[in-house]
Amino acid sequence: RYPAWLGLFLVYILLAVFFNIFPLFAKDDLHLSESRIGFLLLIRASFSALGFWILGRYGFWHFRKRYIILGVVGLLILDLAFIPIRGALAFGLALALLGLVHALCYNSSIFYGASGAVDRTRRMTINEALLTAGQIIGSIGGGILYQGLSWSSLFMFLGVLLAAGLGFQAWLLARRI
(Lines give C-alpha, C1' and ligand atoms only; values in the text may rest on other atoms or scores of the structure.)
Protein backbone atom coordinates (compact mmCIF):
# COMPACT_ATOMS: atom_id res chain seq x y z
CA ARG A 1 0.00 0.00 0.00
CA TYR A 2 2.83 2.46 0.67
CA PRO A 3 4.15 2.54 -2.91
CA ALA A 4 0.57 3.00 -4.18
CA TRP A 5 -0.05 5.80 -1.68
CA LEU A 6 3.14 7.51 -2.83
CA GLY A 7 1.93 7.30 -6.43
CA LEU A 8 -1.37 8.90 -5.40
CA PHE A 9 0.42 11.73 -3.61
CA LEU A 10 2.63 12.39 -6.65
CA VAL A 11 -0.19 12.33 -9.21
CA TYR A 12 -2.16 14.86 -7.18
CA ILE A 13 0.83 17.20 -7.03
CA LEU A 14 0.89 17.18 -10.83
CA LEU A 15 -2.88 17.42 -11.11
CA ALA A 16 -2.91 20.46 -8.81
CA VAL A 17 -0.65 22.24 -11.29
CA PHE A 18 -3.22 21.59 -14.01
CA PHE A 19 -6.21 22.47 -11.85
CA ASN A 20 -4.75 25.77 -10.65
CA ILE A 21 -1.75 26.94 -12.67
CA PHE A 22 -2.35 25.61 -16.18
CA PRO A 23 -5.38 27.87 -16.79
CA LEU A 24 -3.23 30.93 -16.02
CA PHE A 25 -0.37 29.70 -18.22
CA ALA A 26 -2.71 28.75 -21.06
CA LYS A 27 -4.44 32.12 -21.01
CA ASP A 28 -1.40 34.36 -20.48
CA ASP A 29 1.32 32.54 -22.42
CA LEU A 30 -0.55 30.43 -24.96
CA HIS A 31 -3.39 32.94 -25.47
CA LEU A 32 -6.04 30.22 -25.36
CA SER A 33 -9.64 31.15 -24.74
CA GLU A 34 -11.32 30.18 -21.49
CA SER A 35 -13.60 27.77 -23.33
CA ARG A 36 -10.63 26.03 -24.98
CA ILE A 37 -8.85 25.76 -21.61
CA GLY A 38 -12.01 24.31 -20.09
CA PHE A 39 -12.27 21.83 -22.95
CA LEU A 40 -8.67 20.70 -22.39
CA LEU A 41 -9.42 20.11 -18.71
CA LEU A 42 -12.58 18.26 -19.72
CA ILE A 43 -10.44 15.93 -21.85
CA ARG A 44 -8.31 15.10 -18.81
CA ALA A 45 -11.36 14.45 -16.65
CA SER A 46 -13.04 12.33 -19.33
CA PHE A 47 -10.01 10.12 -19.73
CA SER A 48 -9.75 9.77 -15.96
CA ALA A 49 -13.35 8.55 -15.95
CA LEU A 50 -12.59 6.14 -18.79
CA GLY A 51 -9.57 4.84 -16.87
CA PHE A 52 -11.67 4.39 -13.73
CA TRP A 53 -14.23 2.42 -15.72
CA ILE A 54 -11.61 0.15 -17.33
CA LEU A 55 -9.72 -0.48 -14.10
CA GLY A 56 -12.95 -1.08 -12.21
CA ARG A 57 -14.18 -3.55 -14.77
CA TYR A 58 -10.99 -5.54 -15.28
CA GLY A 59 -8.60 -6.86 -12.64
CA PHE A 60 -5.50 -7.47 -14.78
CA TRP A 61 -3.58 -4.97 -12.63
CA HIS A 62 -4.48 -6.44 -9.23
CA PHE A 63 -1.48 -7.61 -7.21
CA ARG A 64 0.94 -6.76 -10.02
CA LYS A 65 3.57 -4.36 -8.72
CA ARG A 66 4.62 -3.26 -12.18
CA TYR A 67 1.40 -1.28 -12.55
CA ILE A 68 2.15 0.71 -9.40
CA ILE A 69 5.55 1.66 -10.85
CA LEU A 70 4.07 2.18 -14.32
CA GLY A 71 1.82 4.91 -12.97
CA VAL A 72 4.73 7.02 -11.69
CA VAL A 73 6.85 6.24 -14.77
CA GLY A 74 3.93 7.56 -16.83
CA LEU A 75 3.79 10.68 -14.66
CA LEU A 76 7.49 11.31 -15.13
CA ILE A 77 7.30 10.87 -18.92
CA LEU A 78 4.28 13.14 -19.14
CA ASP A 79 5.89 15.72 -16.87
CA LEU A 80 8.87 15.95 -19.20
CA ALA A 81 6.58 16.02 -22.24
CA PHE A 82 4.72 19.05 -20.84
CA ILE A 83 7.89 21.18 -20.91
CA PRO A 84 8.06 21.83 -24.68
CA ILE A 85 4.33 21.61 -25.48
CA ARG A 86 2.84 24.89 -26.65
CA GLY A 87 -0.16 23.82 -28.74
CA ALA A 88 -3.72 23.00 -27.72
CA LEU A 89 -3.81 19.72 -29.65
CA ALA A 90 -0.61 18.43 -28.03
CA PHE A 91 -1.87 19.51 -24.60
CA GLY A 92 -5.13 17.68 -25.26
CA LEU A 93 -3.32 14.44 -26.07
CA ALA A 94 -0.97 14.74 -23.10
CA LEU A 95 -3.84 15.60 -20.74
CA ALA A 96 -5.78 12.56 -22.00
CA LEU A 97 -2.80 10.39 -21.08
CA LEU A 98 -2.54 12.16 -17.73
CA GLY A 99 -6.17 11.26 -17.10
CA LEU A 100 -5.43 7.58 -17.67
CA VAL A 101 -2.36 7.68 -15.43
CA HIS A 102 -4.39 9.47 -12.76
CA ALA A 103 -6.95 6.65 -12.84
CA LEU A 104 -4.20 4.03 -12.48
CA CYS A 105 -2.56 5.77 -9.52
CA TYR A 106 -5.86 6.50 -7.78
CA ASN A 107 -7.26 2.99 -8.27
CA SER A 108 -4.00 1.43 -7.09
CA SER A 109 -4.11 3.52 -3.94
CA ILE A 110 -7.71 2.57 -3.20
CA PHE A 111 -7.21 -1.10 -4.04
CA TYR A 112 -3.98 -1.67 -2.12
CA GLY A 113 -5.06 0.56 0.74
CA ALA A 114 -8.22 -1.47 1.32
CA SER A 115 -7.09 -4.92 0.21
CA GLY A 116 -6.96 -7.29 3.15
CA ALA A 117 -7.42 -4.53 5.70
CA VAL A 118 -9.67 -4.67 8.70
CA ASP A 119 -9.22 -0.93 9.30
CA ARG A 120 -10.49 0.25 5.90
CA THR A 121 -11.92 3.47 7.25
CA ARG A 122 -8.53 4.57 8.59
CA ARG A 123 -6.81 3.58 5.36
CA MET A 124 -9.29 5.49 3.22
CA THR A 125 -8.77 8.49 5.48
CA ILE A 126 -5.04 8.24 4.77
CA ASN A 127 -5.79 7.94 1.06
CA GLU A 128 -7.86 11.12 1.06
CA ALA A 129 -5.37 12.99 3.25
CA LEU A 130 -2.55 12.12 0.83
CA LEU A 131 -4.41 13.32 -2.23
CA THR A 132 -5.39 16.53 -0.44
CA ALA A 133 -1.78 17.07 0.66
CA GLY A 134 -0.66 16.53 -2.93
CA GLN A 135 -3.15 19.13 -4.13
CA ILE A 136 -2.02 21.65 -1.52
CA ILE A 137 1.69 21.12 -2.20
CA GLY A 138 1.18 21.15 -5.96
CA SER A 139 -0.91 24.30 -5.86
CA ILE A 140 1.28 26.30 -3.50
CA GLY A 141 4.68 24.99 -4.59
CA GLY A 142 3.74 24.99 -8.25
CA GLY A 143 2.40 28.52 -8.02
CA ILE A 144 5.57 29.77 -6.36
CA LEU A 145 7.80 28.09 -8.94
CA TYR A 146 5.71 29.23 -11.90
CA GLN A 147 5.47 32.80 -10.67
CA GLY A 148 9.13 33.03 -9.67
CA LEU A 149 10.68 31.08 -12.54
CA SER A 150 8.75 29.68 -15.50
CA TRP A 151 6.48 26.92 -16.76
CA SER A 152 9.50 24.90 -17.92
CA SER A 153 11.33 25.34 -14.62
CA LEU A 154 8.23 24.20 -12.74
CA PHE A 155 8.09 20.97 -14.75
CA MET A 156 11.83 20.37 -14.47
CA PHE A 157 11.50 20.63 -10.69
CA LEU A 158 8.49 18.31 -10.77
CA GLY A 159 10.55 15.89 -12.88
CA VAL A 160 13.21 15.75 -10.18
CA LEU A 161 10.52 15.23 -7.54
CA LEU A 162 8.85 12.48 -9.57
CA ALA A 163 12.18 10.75 -10.26
CA ALA A 164 12.98 10.79 -6.52
CA GLY A 165 9.49 9.48 -5.77
CA LEU A 166 9.90 6.75 -8.37
CA GLY A 167 13.21 5.72 -6.83
CA PHE A 168 11.68 5.60 -3.36
CA GLN A 169 8.67 3.70 -4.67
CA ALA A 170 10.93 1.13 -6.36
CA TRP A 171 12.93 0.78 -3.14
CA LEU A 172 9.74 0.19 -1.16
CA LEU A 173 8.59 -2.46 -3.61
CA ALA A 174 11.98 -4.19 -3.71
CA ARG A 175 12.16 -4.20 0.07
CA ARG A 176 8.85 -6.11 0.28
CA ILE A 177 10.12 -8.99 -1.88
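All values derive from a computational prediction rather than experimental measurement.
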Cluster link [X] to [Y], ILVMFWY, side chain under 4.5 Å:
X    : Y    : value
L50  : V11  : yes
I144 : L162 : no
L41  : F39  : yes
L89  : L100 : no
V160 : I140 : no

How long is the gap from [atom1] on [X] to [atom2] on [Y], to the nearest 0.5 Å?
X    : Y    : atom1 : atom2 : result
I13  : Q135 : CD1   : CD    : 10.5 Å
L172 : K65  : CG    : NZ    : 11.0 Å
I110 : L131 : CD1   : CG    : 8.0 Å
I37  : K27  : CD1   : NZ    : 7.0 Å
E34  : R36  : CD    : CZ    : 13.5 Å
S108 : L6   : OG    : CG    : 12.0 Å

Is the backbone of [Y] close enough, under 3.5 Å, to the side chain of [X] for a donor and an acceptor to pair up by distance?
X    : Y    : value
S153 : L149 : no
W61  : L55  : yes
S109 : C105 : no
R44  : L40  : no

(Q) Angle between ring planes, W171 versus F168, binned at 30° and 60°: parallel, tilted or perpendicular? (A)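 Judged by the thresholds at 30° and 60°, the geometry between W171 and F168 is parallel.
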
Under the criterion side chain to side chain donor-acceptor pair (under 3.5 Å), I'd like the reasoning laid out for S35 against S33: C-alpha separation, chi angles, the key distance, then a yes or no. CA-CA 5 Å; S35 61; S33 67; 3.2 Å; yes

Is any side-chain heavy atom of [Y] closer than 4.5 Å to one of [X]?
X    : Y    : value
Y2   : R175 : no
L97  : F47  : no
L154 : F25  : no
F155 : W151 : yes

Is it the case that more than 12 heavy atoms not belonging to [X] sit under 6.0 Å from its [atom1] atom?
X    : atom1 : value
R86  : CZ    : yes
F157 : CZ    : no
E128 : CD    : yes

Can we call the ring centroids of F63 and F111 under 6.0 Å apart?
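Centroid distance F63-F111: below 6.0 Å, so yes.
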
* Would you say the ring centroid of Y12 lies under 6.0 angstrom from that of H102? ->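 Aromatic pair counts; centres sit under 6.0 Å.
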
Give the C-alpha distance, both sets of side-chain angles, the deciding distance and a yes or no for side-chain contact (heavy atoms from CB on, under 4.5 Å) between Y112 and R123.
-> CA-CA 10 Å; Y112 293 107; R123 288 194 182 182; over 6 Å; no

Between R122 and I126, does the side-chain contact (heavy atoms from CB on, under 4.5 Å) criterion hold? Intermediate values first, please.
CA-CA 6 Å; R122 187 179 71 80; I126 292 169; 3.3 Å; yes

Between side-chain atoms of residues 68-84 and protein atoms elsewhere (two or more places apart, or another chain), which donor-acceptor pairs fall under 3.5 Å?
| from | atom 1 | to | atom 2 | distance (Å) |
| --- | --- | --- | --- | --- |
| D79 | OD2 | G159 | N | 3.1 |

Donor-acceptor list for residues 15-23 side chains, cut-off 3.5 Å, not counting sequence neighbours:
| from | atom 1 | to | atom 2 | distance (Å) |
| --- | --- | --- | --- | --- |
| N20 | ND2 | A16 | O | 3.1 |
| N20 | ND2 | S139 | OG | 2.6 |

TODO: Check step by step if side-chain contact (heavy atoms from CB on, under 4.5 Å) holds for F52 and N107.
DONE: CA-CA 7 Å; F52 290 141; N107 278 16; 3.2 Å; yes

Dump the intermediate steps for side-chain contact (heavy atoms from CB on, under 4.5 Å) on F91 and L32, then the final yes or no. CA-CA 12 Å; F91 266 113; L32 296 179; 5.7 Å; no

